[in-house]
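Please read the structure below before turning to the comments.
For ligands, and for the atoms within them, numbers begin at 1 and follow the listed sequence.
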Amino acid sequence: MATSADRIDHRRRFLTFLAGGPLLGLSVPAWLEAAAGAGEVPRGRLIAAPDEALNVFDFEAAARDKLPAAHFGYLATGVDDDATLRANREGFARFQIRPRRLVDVASVDTSVELFGTTWKSPIVLAPAGGQKAFHADGEIAVAKAAGARGHLQILATGATSSVEDVRAAHGGPIWFQLYPTDTWRITQALIKRAEGAGCPVLVLTVDLPAGRNTETERRFARADPRQCGSCHQPGLPGYVRRRPMFDGLDLTGVSLSSPRLTWDVVRRLRDATRMKLVLKGIETREDADLCVRHGVDGIIVSNHGGRAEESGRSTVECLPEVVDAVRGRMPVLVDGGFRRGTDVFKALALGAKAACIGRPYLWGLAAFGQPGVDRVLEILDREFQLMMRHAGVTSLARLDRTFVIADRRG
Ligand SMILES: Cc1cc2nc3c(=O)[nH]c(=O)nc-3n(C[C@H](O)[C@H](O)[C@H](O)COP(=O)(O)O)c2cc1C
């Protein structure tokens, strides 16, 4: 029987053959990229166990090998040409680090306080729906790994495990991400349930009010020979059947997204919950200023990992204008393309309190379940601590803009 390493080897040899033929001149990864319709092309080696990984990219290759094409497509996709997805990575190269020397870095403290809870690491697990599409243990495996390592986890409305179970598996106060639907009765039920489960913070995602064009996802789905309907029913009924947050709710006539997501909804939510309210998807100083004026408690600078609009702008480049507009009045977090400890270092130096990751921990989950997520977090924490030491920074409070410089050449 062919092992997965055999399969990869065959694929590689086949691609090498093609690259040497009609596509002469293109490297294999570039050809692969063209074949997949862009997206994030696995850069890592194929590994057989989490401890073989040298960096988080190794988990991407393993996830791609293990997942059915359609599920990998859902994980990998950006929108349109995936330009914003790529921009999120490229943005980090526009900032360089200014390390300081001759500082005693024998002890480095990476803990961060967010709304009264102290976390061991400033690396947060961003909300992602449908994690059982990546591994049977889904959000529970993620919660166990995150909780054990002292990382905050944000649970998605579209989670395939309940908020109560995930809270219990994590052991700490997870945050709940809300897509508010077009029906206030449903929105209310969702936030009451999150409150009841002990979530101290509600994260309202504001960057997807009007659908999106996920071409890479569709391309991968076409390459998947299986019939989706044999595992899950299409449409809303099939979707909510695997989404416990909607258990017991009458969704007749309800749309799970609404193009009428305005500051009125923010105001209404503000008044409807005692949870802190964080807006995810803010990218400009104008909207950051409106967050302050509407009594929002925190911001996540995000473009949904390049999965919302094709702005072409990286989140790390949006971050400084948001931080400047907020002027310390609320915590600013950021996500999008974080793959290295140095990425986290740059964002925190630019004023973010914490940096969230999406795909990296999902790659770990898809590849190896809980041990995969655990190893991804371990690698990123280690890389981040190493950068703190190199730069002579002993605590996050000491990390400021003097440690980065924007590249003026590009
Ligand atoms: C498969 C997948 C599902 C996602 N689902 C959600 C979601 O349900 N709600 C949400 O606010 N963001 C969602 N996101 C966006 C992430 O929260 C986060 O913004 C993004 O993944 C960060 O970029 P990165 O993947 O490059 O780290 C999802 C991202 C991925 C990759």
Side-chain angles (χ1 to χ4, degrees), residues 39-40 56-57 59-60 63-64 67 70-79 82 84-92 123-135 138-139 142 152-161 163 166 174-181 190 201-209 212 214 216-217 220 239 242-243 245-246 256-257 261 278-283 299-309 311 314-316 318-319 333-340 343-344 347 352 354-366 373 376-377 380:
E40 244 179 317
V56 302
F57 298 106
F59 289 95
E60 186 184 15
R64 183 160 179 168
L67 286 176
H71 291 198
F72 185 79
Y74 166 60
L75 172 48
T77 198
V79 289
D82 293 342
T84 310
L85 174 71
R86 286 191 297 276
N88 277 345
R89 287 293 305 135
E90 290 156 8
F92 291 107
I123 300 168
V124 172
L125 290 86
Q131 293 179 19
K132 286 190 181 163
F134 307 129
H135 189 277
E139 293 84 359
V142 173
L152 167 63
Q153 177 184 13
I154 309 177
L155 188 72
T157 300
T160 37
S161 306
V163 65
V166 176
I174 61 169
W175 297 3
F176 180 70
Q177 175 269 328
L178 178 75
Y179 285 131
T181 82
L190 291 170
V201 178
L202 183 69
V203 177
L204 174 68
T205 299
V206 296
D207 55 20
L208 267 192
R212 56 184 172 178
T214 53
T216 294
E217 178 180 24
F220 271 92
Y239 178 86
R242 297 181 318 281
R243 301 295 189 287
M245 284 309 291
F246 295 100
L256 294 188
S257 67
L261 180 55
V278 169
L279 262 51
K280 174 174 183 278
I282 298 296
E283 296 181 79
I299 287 175
I300 303 180
V301 175
S302 175
N303 55 27
H304 220 106
R307 297 160 77 86
E309 79 288 324
S311 68
S314 75
T315 48
V316 73
C318 300
L319 178 63
L333 289 72
V334 59
D335 73 22
F338 287 81
R339 307 288 181 264
R340 288 284 187 185
D343 303 335
V344 178
C356 317
I357 53 167
R359 293 178 185 84
Y361 82 83
L362 298 172
W363 297 331
L365 174 68
V373 180
V376 163
L377 296 177
L380 289 175

Practice task
Look at ligand 1 and say whether Arg89 reaches it with a heavy atom at a distance under 4.0 Å.
Solution key: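 No, Arg89 has no heavy atoms under 4.0 Å from ligand 1.
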Practice task
Tell me, please: is Gly158 in heavy-atom contact with ligand 1, that is, under 4.0 Å?
Solution key: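 Gly158: no contact with ligand 1 (<4.0 Å).
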Handout entry: Check: Val124 and Trp175 side chains under 4.5 Å, non-hydrogen atoms
Key =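 In short, these two side chains do not touch, never coming nearer than 4.5 Å.
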Handout entry: Pair Thr84, Asn303: side-chain N/O donor-acceptor within cut-off below 3.5 Å
Key =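 Per modelled atom types, Thr84 and Asn303 side chains form no pair under 3.5 Å.
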Practice task
Select the closest option to atom 13 (C) of ligand 1 among Ala128, Pro127, Ala126, judged by heavy-atom distance.
Solution key: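 Looking at heavy atoms only, the winner is Pro127.
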Handout entry: Of the listed options Leu362, Asp335, Val206, closest to atom 19 (O) of ligand 1 (non-hydrogen atoms)
Key =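 Result: the heavy atom closest to atom 19 (O) of ligand 1 is in Asp335.
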Handout entry: Atom of Phe338, atom of Ile357 and distance for their closest heavy-atom approach
Key =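 Shortest heavy-atom separation between Phe338 and Ile357 comes out as O-CG2, 3.7 Å.
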Exercise for the section: Indicate the atoms forming the closest heavy-atom contact of Ser314 with Ala87, along with that distance. Expected result: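 Where Ser314 meets Ala87 most closely, the heavy atoms are CB-O, 3.1 Å.
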Practice task
Check the pair Tyr74 / Phe134 against ring-ring contact (aromatic ring centres under 6.0 Å, His included), numbers first and verdict last.
Solution key: CA-CA 10 Å; Tyr74 166 60; Phe134 307 129; 5.8 Å; yes
Handout entry: Short side-chain to backbone donor-acceptor contact, Arg243 and Gly158, under 3.5 Å
Key =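 Here the side-chain-to-backbone pair exists.
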Backbone or side chain, does any N or O of [X] fall under 3.5 Å from an N or O of ligand 1?
X      : value
Tyr74  : no
Leu75  : no
Tyr179 : yes
Gly129 : yes

Exercise for the section: Show your reasoning for whether side-chain contact (heavy atoms from CB on, under 4.5 Å) applies to Leu75 and Trp363. Expected result: CA-CA 8 Å; Leu75 172 48; Trp363 297 331; 3.8 Å; yes
Practice task
Using a strict cut-off of less than 4.0 Å between a Lys/Arg side-chain nitrogen and an Asp/Glu carboxylate oxygen, indicate whether Asp207 and Arg307 qualify as a salt bridge.
Solution key: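 Answer for the salt bridge query: no.
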Handout entry: Qualifying residues under salt bridge (charged side-chain N to carboxylate O under 4.0 Å, His left out), relative to Arg340, sequence neighbours excluded
Key =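 Testing Arg340 for salt bridge (charged side-chain N to carboxylate O under 4.0 Å, His left out), a comparison that skips the adjacent residues, returns Glu383.
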Applying a heavy-atom cut-off of 4.0 Å, say which part of [X] lies close to ligand 1: side chain, backbone, both or neither.
X      : result
Gln177 : side chain
Ser302 : side chain
Glu217 : neither
Ala156 : side chain

Problem - Partner of Glu139 by side chain to side chain contact (heavy atoms under 4.5 Å, CB included), out of Leu365, Leu155, Ile174, Val163 - result: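 Of the listed options, the one satisfying the test is Leu155.
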Run the numbers for me: atoms of ligand 1, each under 4.0 Å from some heavy atom of [X], listed by number.
X      : answer
Gly358 : 21 (O), 24 (P), 25 (O), 27 (O)
Thr205 : 10 (C), 11 (O)
Gly337 : 23 (O), 24 (P), 26 (O), 27 (O)
Lys280 : 10 (C), 11 (O), 12 (N), 15 (C), 16 (C), 17 (O), 18 (C), 19 (O)

